[in-house]
Number of protein chains: 2
Amino acid sequence: MFLYHSIMSVEIKISLNESIYLRDPQDSTLGRNIIKHSILLIDELGFEAFNFKKLAQKIGSTEPSVYRYFENKHALLIYLVSWYWEWVAYLIKINTININDPKKKLEIIINSFVLASVDNPTTDHVDENILHRVVIAEGTKAYRTKEVDEENGKGLFEHYKKLITKVAVVILEINPSFEYPYALASNLCEMSNNQIYFAKHLPKLTDIKVEENKYSEVQKMLNYFASKLLGYEM
Amino acid sequence: MFLYHSIMSVEIKISLNESIYLRDPQDSTLGRNIIKHSILLIDELGFEAFNFKKLAQKIGSTEPSVYRYFENKHALLIYLVSWYWEWVAYLIKINTININDPKKKLEIIINSFVLASVDNPTTDHVDENILHRVVIAEGTKAYRTKEVDEENGKGLFEHYKKLITKVAVVILEINPSFEYPYALASNLCEMSNNQIYFAKHLPKLTDIKVEENKYSEVQKMLNYFASKLLGYEM
DNA sequence: TTTTAATAATAGTTTTACTATTATATAGGA
DNA sequence: TCCTATATAATAGTAAAACTATTATTAAAA
């Protein structure tokens with residue numbers, strides 16, 4: 001991950017696996033527009049109704065131009081969720097920089113999963129808040145396809161796996177004999193998104209309540225689950 | 001749920017919310033063929049590549065005939081996952097009939113989530129084993145859409161909610177002061193499918209290993225998670 | 001036997017998901 | 001300054017998906 005600092009603003013450039021895209025969207029205005037407005041449009045229409053024609057219309061470009069950046073809308077979705085995972089990894093990194101207690105670290109990790117955005121809207125072409133909503137609603141579609149093995153072989157899910165590995169390391173720091181560090185790490189991440197989605201759309205499947213970007217109950221629940229499973233007091 | 005017993009075989013008829021389908025597929029040969037072969041074809045092609053034309057071809061019928069049973073392939077998917085959830089509820093029911101210990105009940109529930117089929121292939125037009133695979137791979141797509149609120153309002157997810165409620169009741173029997181019975185119930189169910197999927201396709205996201213229909217490690221892990229969270233010894 | 005309902009056959013439409021080709025604008029180098 | 005490479009835009013298309021309408025045929029029920 002590269003961090004560019006300028007005098008006027010802090011601009012973060014997140015570097016993503018090259019096989020996700022055909023041409024790096026961060027390197028041109030059109031590319032950044034594709035990212036920015038695809039997030040808004042997927043949030044608005046849902047992934048199924050979203051397509052490159054509508055996106056091109058929205059940004060005053062054409063369908064073939066968008067296709068020069070991404071093979072198809074599925075590749076674009078993988079790009080967006082990878083961006084999101086890198087962003088969460090970045091949040092965890094800067095917020096745990098002076099923290100030594102692994103329990104405290106895990107708490108920060110959970111907060112990063114749940115909040116993901118709120119405080120620091122640092123990148124002008126990505127609204128992390130809306131991207132988080134998109135990942136909650138559409139994220140699993142990135143890897144729930146018939147092509148998962150082939151795409152995994154190309155490294156398209158490295159960003160997610162890297163993040164989960166980092167979390168697993170912290171889990172083992174807390175409790176070195178815990179048998180399921182990776183499963184707990186991925187479950188905390190998936191559960192966070194799932195339970196937020198349930199609270200919003202299928203409230204009978206959860207106990208927590210959620211208001212517009214107020215996810216404190218999710219945070220509390222995940223911390224409770226983690227502490228119980230790893231055997232420590234909060 | 002109705003149970004029909006005949007002399008020659010035990011045939012289970014699972015009754016599903018009428019708003020899922022246009023015409024009850026269990027009431028005709030064509031309908032049962034649609035169910036049977038849609039499961040096989042979705043398993044083979046994945047939900048995205050599956051469509052009513054290919055299905056009609058496979059069962060020697062026509063596209064318009066299939067459309068007389070289901071509004072579209074999304075409705076058919078909701079039907080299939082609802083069938084699956086009812087099937088799991090049925091398994092839980094018959095296997096906990098003489099069990100009083102709620103901890104033992106929860107163990108049976110977890111086994112039903114994980115195994116879902118293996119022993120009792122009772123319904124001739126549904127292969128529960130393959131249906132389980134389909135639910136693992138495609139299940140979340142049933143409710144992760146822009147139409148979720150509208151469809152939830154029509155009662156299309158009642159079968160899932162009913163199942164989760166039953167599990168939540170058992171969780172509270174074990175530990176009446178547990179704060180998150182619904183979240184734990186839905187998470188056990190989602191986690192089961194998720195972790196099996198990860199073991200098969202993204203093994204770096206989990207610790208468990210899975211072989212063709214050998215899910216004992218998942219079972220063990222979920223039981224461990226449940227016992228830790230609810231504070232009992234296995 | 002008549003009527004009804006279910007299915008099949010045929011033939012469409014609209015939208016999606018792409019691709020090919022050509023034109024234009026712009027940026028950098030000689 | 002011109003030349004050339006490259007990005008993008010404009011236009012026009014194709015193949016398949018996701019339906020729908022209409023009519024014919026068959027089977028079952030009254």
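Any value given below was found using the heavy atoms of this structure, including those in side chains, with hydrogens, waters and symmetry copies removed. Everything numeric here is computed off the predicted structure, so don't read it as measured data. A note on names: the letters A, B, ... follow the listed sequences, proteins ahead of strands, and every chain is numbered from 1.
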*Asks:* So, is B/S61 near the phosphate of C/dA8, with a side-chain N or O under 4.0 Å from OP1 or OP2?
*Replies:* yes

*Asks:* Kindly state which residues belonging to residues 39-58 of chain B come within less than 4.0 angstrom of DNA chain D, counting heavy atoms of the residue only, listed by number.
*Replies:* B/N51, B/K54

*Asks:* Just how far, in rounded Å, is C1' of D/dT8 from CZ of A/R32?
*Replies:* 15 Å

*Asks:* Which residues satisfy the side chain to side chain donor-acceptor pair (under 3.5 Å) test with B/S61, sequence neighbours excluded?
*Replies:* none

*Asks:* Any base atoms under 4.0 Å from B/F70, or only sugar-phosphate, or nothing? Heavy atoms, all strands.
*Replies:* nothing

*Asks:* Mind checking what makes side chain to side chain donor-acceptor pair (under 3.5 Å) contact with A/S82, not counting sequence neighbours?
*Replies:* none

*Asks:* Taking side chain to side chain donor-acceptor pair (under 3.5 Å) as the definition, give me every residue that meets it alongside B/N187, ordered by chain and number, with sequence neighbours left out.
*Replies:* none

*Asks:* Using whole Å, what does the distance between atom P of nucleotide C/dT7 and atom CG of B/N33 come to?
*Replies:* 11 Å

*Asks:* Atom CZ of A/R68 to atom P of C/dC18: distance rounded to whole Å?
*Replies:* 17 Å

*Asks:* Quick one: list whatever passes salt bridge (Lys or Arg N to Asp or Glu O under 4.0 Å) with B/D149, sequence neighbours left out.
*Replies:* none

*Asks:* Taking CZ from B/R23 and P from C/dT4, how many angstroms apart are they, rounded to a whole number?
*Replies:* 16 Å

*Asks:* Check every atom of D/dT8, D/dA10, C/dA8 against the side chain of B/T62 and return the nucleotide holding the closest atom.
*Replies:* C/dA8

*Asks:* Hey, is the side chain of B/Y69 poking within less than 4.0 Å of OP1 or OP2 on C/dA6, counting only N and O atoms?
*Replies:* no

*Asks:* Can you confirm whether A/I35 sits close enough to A/P25 that some side-chain heavy atom of one is under 4.5 Å from a side-chain heavy atom of the other?
*Replies:* yes

*Asks:* Taking 4.0 angstrom as the limit, do B/K141 and B/E48 come out as a salt bridge?
*Replies:* yes

*Asks:* Distances for protein N/O vs nucleotides 19-23 of chain D N/O pairs under 3.5 angstrom?
*Replies:*
from	atom 1	to	atom 2	distance (Å)
D/dC19	O5'	B/Y67	OH	2.9
D/dC19	N4	B/E63	OE1	3.1

*Asks:* For residues 150-157 of chain B, run the donor-acceptor check on the side chains, cut-off 3.5 Å, and write out each pair with its distance to 0.1 Å, sequence neighbours left out.
*Replies:*
from	atom 1	to	atom 2	distance (Å)
B/E151	OE2	B/H74	ND1	3.3
B/N152	OD1	B/K161	NZ	2.8
B/N152	ND2	A/H201	O	3.3

*Asks:* List in chain and number order the residues that pass salt bridge (Lys or Arg N to Asp or Glu O under 4.0 Å) with A/E44, two or more places apart in sequence or in another chain; answer none if no residue qualifies.
*Replies:* A/K58

*Asks:* With sequence neighbours left out, write down each residue that passes side chain to side chain donor-acceptor pair (under 3.5 Å) with B/S28, or none if nothing qualifies.
*Replies:* B/Y69

